[in-house]
Amino acid sequence: MEYHFRDIEEKWQRQWIEQGVYQVSEDPTKPKFYVLDMFPYPSGAGLHVGHPLGYIASDIYARYKRLKGFRVLHPMGYDAFGLPAEQYAIEHGVHPAESTQKNISTFRSQLDKIGFSYDWKRQVNTSDPNYYRWTQWIFLQLFKSWYNRKNNRTEPIDTLVKIFDQEGNIQYPIPNSQFQIPDFPHVTFTAESWKGFSEKIQQSILMEYRIAYCGYGEVNWCEGLGTVLANDEVINGLSERGGFPVEKKRLRQWYLRITEYADRLLQGLQTVEFSEAMKEMQSNWIGKSSGAEITFDLLTTDSALLKDRNPQLEVYTTRPDTLFGVDFMVIAPEHELVDLITTTQQKDAVTQYIAYVNSRSERERMAEKKISGVFTGAYAIHPFNHQKIPVWISEYVLAGYGTGAIMAVPCGDERDHKFARHFNLPITNIIGDLYNGEEANPTKDALLSNSDFLNGRKMKDAMEEVISQLEALGKGKRKINYKMRDAAFSRQRYWGEPFPVRWKDGIAWPLEESELPLELPHVKSYQPGQEGEGPLSNIPEWTEKHLETNTMPGYAGSSWYFLRYMDPHNDHTFCDKNISDYWGQVDLYVGGTEHAVGHLLYSRMWTKALFDLGYIGFDEPYRRLLNQGKIGGDSRLVYRIRGTNDFVSHGLKDSFETDELHADVNLVDGLELDMEAFKKWRPEFSGATFQLEEGKYFCGTRLEKMGKRFFNVVNPDEVVMRYGADTFRMYEMFLGPIDQDKPWDTKGIEGVHRFLKKLWRLFFDELKGKIVTTNKSTPAELKVLHRTIKKIEEDAERFSFNTSVSAFMMCVNELTDMKCHKREILEPLLVMLCPYAPHVSEELWHQLGNTSTIIDAAFPKLEEQYLVESSKEYPVSINGKLRTTMQIDLSAEHTEVEEMVMANTVIQKWLDGKLPKKIIFVKGKMVNVVV
RNA sequence: GCGGGUGUGGCGAAAUUGGUAGACGUAUCAGACUUAGGAUCUGACGCCGCGAGGCAUGGGGGUUCGAGUCCCUCCACCCGCACCA
């Protein structure tokens, strides 16, 4: 009997489905465990061998936890809304719902072949109205809530209305000054004036507090995609998807008030197990810094406006201690004071400069950082020594961060230093010898000089001193700042969740819950509407009802999907509280690093909001995050002599002038090109001729991203067809540490396949058939088993799947050498192997006489008593150098101390009775003698 | 520039708290069984050396009886962020 993996895998996959063995329900008597994969976007390209890497790891862990007696929730679904489906629709005229459905079937059949233990009854699809109904519902909860900074939590907007009725907004100022309410210049108001406002004004004010809100703001507009993008979807001024240029534009947008959660998102990182890199990325994105906001009075010679309004310049700095090193001020070109303070003399220069700045695109500004700027003619007054400080304008100061204005300290800040040098501005040295006159020194450890009342003080102490002095003068205050901005939450696209919002007289009204889901209408054209409106604005039936024409972004559905898996068919609520109390946090979340600042932050924020509102019982969604590495492609290159159709083998290419072309990896065996297949591959190669080495054509190689354009995509289906799912699973794990990037190399897969065949031969002999015996095992055999159990268990707990596979291989090698076919040994081995190679272990388990369709034995428990060998071989080193070994008779069981005493005796004999200075015993494994 | 990570045979990699470095697998070489082998099995395989032995974990230094592992320093590569005041 041979190892017919295809029959076996087909058989068990069928049984698993028929008997629904991986369906799971709540069982309060058992501990739970939630293992989740980041669900895929079902693209048309299907899976390549890189995708399943994380899925296999999580599947192994899920199966392992099941064997340990846990109720394991292990679901899968599809993140199905998004741009590519819509772009495909524009190009091919296929409705996104259709192409998405088709892609999902492809994904599903590919996943099924690998033998995952998902509970498919719980599958979610974010583009399904039964799903996005609840996405819309949660949006409404966010819309109907505000962030109470005093209680530090999300609260229903009614509580805010009540407060306004009683005391106005004195205690609760408008959170974000970026937006302005039309026809309403006030910032604070009393209860009386609140009651006197028109409904429109009241609603506009409330909008400024809502967690999901609509307003005008600077957004990332991408003309190429015809939509607005969130900050994390823009990379170096280009759209993440498609690589189109992105520009700033002022548009009406929906936003999520994620900035209110900034501190909690930061704090929460301390309670979860994410990699340091991941935590770092998130906290960088949030970008918390603490410092001071300092107010400077302004002085200008001839501005009439200034006299009346007495404006002041607010700057934000993290280094208030350097206040006496300020040599000039810089404000952003977009700063509101620009027009106000510019003197007539400087007017032309400033206008010219602003024009220059406007002519530079966002991209140019980032790509080439030029030193540029212009003097406004105005001066700021130092709050302590009352000196005049010139105010400049420069593009290196960003309007969006802090107050859009800085105090420049050239001796301590590199950018300020360069600016000062470029424009020949004086540089005050406040750090003595630590400033060399050549470049800025951003030290925090200097003793201050030239700093008035701070002279001789340590910088760190001076910070506190300056802030309290400023506060006393009313010229500044302590201030915490964040880089993170509120998240743009609307897209001018078709293929997304419609907003459950109706507009009436410029006021957004939420739909009733009974009106959900607000289904996406079918459209024929996906062209955008007027002035930044989405395709929905072209549908009369839609606009007649005054429904919002934007749709939600891709991250809406993925921000809460982990909750829906718990209770996927509930028609009354998004997820029953009792059920989410049982399953709780995701215990293990597996996925790539690319979602560090997008999906992960948004879903953390939604979880906090839902927690605050009492819908769930935890405020961090993911307890532990495992980032699998990427699998790269190993491309194959061929060399064509320039201007001909003649190809030379890799070793000969240097003798010719050649062009390097990619050959499809599937046409190459190892390095050897299948020339006939190559000719048939593409018409332009049909007449190709080859110059060979040793009768063969060898290709060159290069490691690249796995993708269509490099022709290096390896499809898991083909690997599974050739070697079987179990081999594929084990091999992907064997490639290396799960969190490391690595190239796909099909060569090594043979070794894993050999292992499975070898395992099979422990049970079956070609001639004799089944050879498993019920004989009692020997101590040596038990030792092999026990060591393997220990290793596999430890490896599973620390996600070291590659070393686990090695341990299996070694175990089977040793058992083969011992000719061990004993049931007592093989049975536990199969149980352990089950997570890695579920099909073959199930089949062999079945052959052993256990008729269960899923191995339900607990993970083998390691017996406490290790078997003691009859003798122990100690390595001995003397003075840490010379090494030899020493045999100690251990025919009986001894304690470690007794072993040491014996070793001591032997050593003395060995040293001819001479007493060693010191004998060091190391973990009962080794002895070091110091003579 | 800032932050994070990695550096070990021809290659992928092991070494869990400092304790016989290179497990396991590939590749290569030699051999066995075979009509045959892309099946299976055995052996060799870090470098130098006939050998005993010596040298080896990116380079240099340190702590220790003992360092891939800990400390200092330099170098290389990868990833993320980047005019954030």
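The chains referred to below are lettered A, B, ... by the order of the sequence lines, with proteins before strands, and numbering in each begins at 1.
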Could you measure between the two P atoms, the one in B:rU69 and the one in B:rG62, and give it in whole Å?
-> 14 Å
Between NE2 of A:His753 and C1' of B:rC24 the distance, given in whole Å, is 18 Å
Pairs under 3.5 angstrom, nitrogen or oxygen only, protein versus nucleotides 6-15 of chain B, please.
unit_1, atom_1, unit_2, atom_2, d
B:rG12, O2', A:Leu735, O, 2.5
B:rA13, OP1, A:Gln740, OE1, 2.9
B:rA14, OP1, A:Asn802, ND2, 3.1
B:rA15, OP1, A:Arg798, NH2, 3.2

Taken to the nearest 0.5 Å, the spacing of A:Ile792 CD1 from A:Leu833 CG works out to 8.0 Å
Would you mind reading off the distance between A:His417 atom NE2 and B:rG1 atom C1', rounded to a whole angstrom?
-> 16 Å
Using the 3.5 Å cut-off, write out each protein N or O paired with an N or O of nucleotides 38-42 of chain B and the distance between them.
unit_1, atom_1, unit_2, atom_2, d
B:rU40, O3', A:Arg761, NH2, 3.3
B:rC41, OP1, A:Arg761, NH2, 3.2

Sorted by position of nearest nucleotide on RNA chain B, 5' first, the leading residue of A:Gly404 and A:Met809 is A:Met809
Using the C1' atom in both, what is the distance from B:rA67 to B:rU17, to the nearest Å?
-> 14 Å
With C1' as the reference atom in both, quote the distance from B:rU35 to B:rA30 in angstrom, rounded to an integer.
-> 23 Å
For B:rC2 and B:rA13, measure between their C1' atoms and round to the nearest Å.
-> 32 Å
State the CG-OG1 distance between A:Leu323 and A:Thr317, to the nearest 0.5 angstrom.
-> 8.5 Å
How close or far is atom P of B:rC83 from atom CD of A:Glu414, stated in whole angstroms?
-> 13 Å
What's the base orientation of B:rG9: syn (chi within 90° of 0) or anti?
-> syn
For A:Asp795, side chain to side chain contact (heavy atoms under 4.5 Å, CB included) partners two or more places apart = A:Lys791, A:Arg798, A:Ser800, A:Thr803, A:Ser804
Between B:rG60 and B:rA76, how far is it from one C1' atom to the other, in whole Å?
-> 15 Å
List in chain and number order the residues that pass side chain to side chain donor-acceptor pair (under 3.5 Å) with A:Thr318, two or more places apart in sequence or in another chain; answer none if no residue qualifies.
-> none
Pairing annotation in dot-bracket form, given for RNA chain B with Watson-Crick or G-U pairs under 3.5 Å and | for cross-strand partners = (((((((..(((......[....))).(((((.......))))).(((....)))..(((((..]....))))))))))))....
Could you list the residues that satisfy ring pair (Phe, Tyr, Trp, His ring centres under 6.0 Å) with A:Phe763, not counting sequence neighbours?
-> none
With sequence neighbours left out, write down each residue that passes salt bridge (Lys or Arg N to Asp or Glu O under 4.0 Å) with A:Lys444, or none if nothing qualifies.
-> none
B:rG54 and B:rG18, which share atom name P, separated by this distance in whole Å = 27 Å
Distance, rounded to the nearest Å, where A:Glu334 contributes CD and B:rC83 contributes C1' | 13 Å
Look at atom CD of A:Glu414 and say whether more than 12 heavy atoms of other residues, nucleotides or ligands are closer to it than 6.0 Å.
-> no
Test ring pair (Phe, Tyr, Trp, His ring centres under 6.0 Å) applied to A:His595 - qualifying residues, sequence neighbours left out = A:His599
Please list, chain by chain and in numerical order, all residues satisfying side chain to side chain contact (heavy atoms under 4.5 Å, CB included) with A:Pro442, sequence neighbours excluded.
-> none
Given atom NZ of A:Lys483 and atom P of B:rA82, what is their separation to the nearest angstrom?
-> 7 Å
Determine the contact category for A:Asn813: base if any of its heavy atoms lies under 4.0 Å from a base atom, sugar-phosphate if only primed atoms, P, OP1 or OP2 are that close, otherwise nothing.
-> sugar-phosphate
Describe the nucleic acid contact of A:Val315 in one word from base, sugar-phosphate, nothing, applying a heavy-atom distance below 4.0 Å.
-> nothing
A:His335 NE2 - B:rC83 P separation (whole Å) | 19 Å
With sequence neighbours excluded, tell me which residues meet ring pair (Phe, Tyr, Trp, His ring centres under 6.0 Å) with A:His753.
-> A:Phe5, A:Tyr723
Between B:rC24 (C1') and A:Leu759 (CG): distance, integer Å | 16 Å
Can you tell me, in whole Å, how much space there is between the C1' of B:rG68 and that of B:rC79?
-> 23 Å
Check ion pair A:Arg787-A:Glu814 (N to O, under 4.0 angstrom) | yes
A:Tyr731 side chain to A:Asp745 side chain, donor-acceptor N/O pair below 3.5 angstrom | no
Hits for ring pair (Phe, Tyr, Trp, His ring centres under 6.0 Å) against A:Tyr482, two or more places apart or cross-chain, chain-then-number order -> none
is_close_aromatic(A:Tyr353, A:Tyr356), centroid dist under 6.0 Å = yes
Rounded to whole angstrom units, what separation is found between the CD atom of A:Glu794 and the P atom of B:rU17?
-> 11 Å
Describe, in one word, how the ring planes of A:Phe755 and A:Phe808 are oriented to each other, choosing from parallel (under 30°), tilted (30 to 60°) and perpendicular (over 60°).
-> tilted
Any A:Tyr401 side-chain N or O less than 4.0 Å from OP1/OP2 of B:rA85 | yes
On a whole-Å scale, what distance lies between the P atoms belonging to B:rG66 and B:rG5?
-> 30 Å
Give me the residues of residues 274-289 of chain A where at least one heavy atom lies under 4.0 Å from an atom of RNA chain B, by number, or none.
-> A:Ala277, A:Glu280, A:Met281
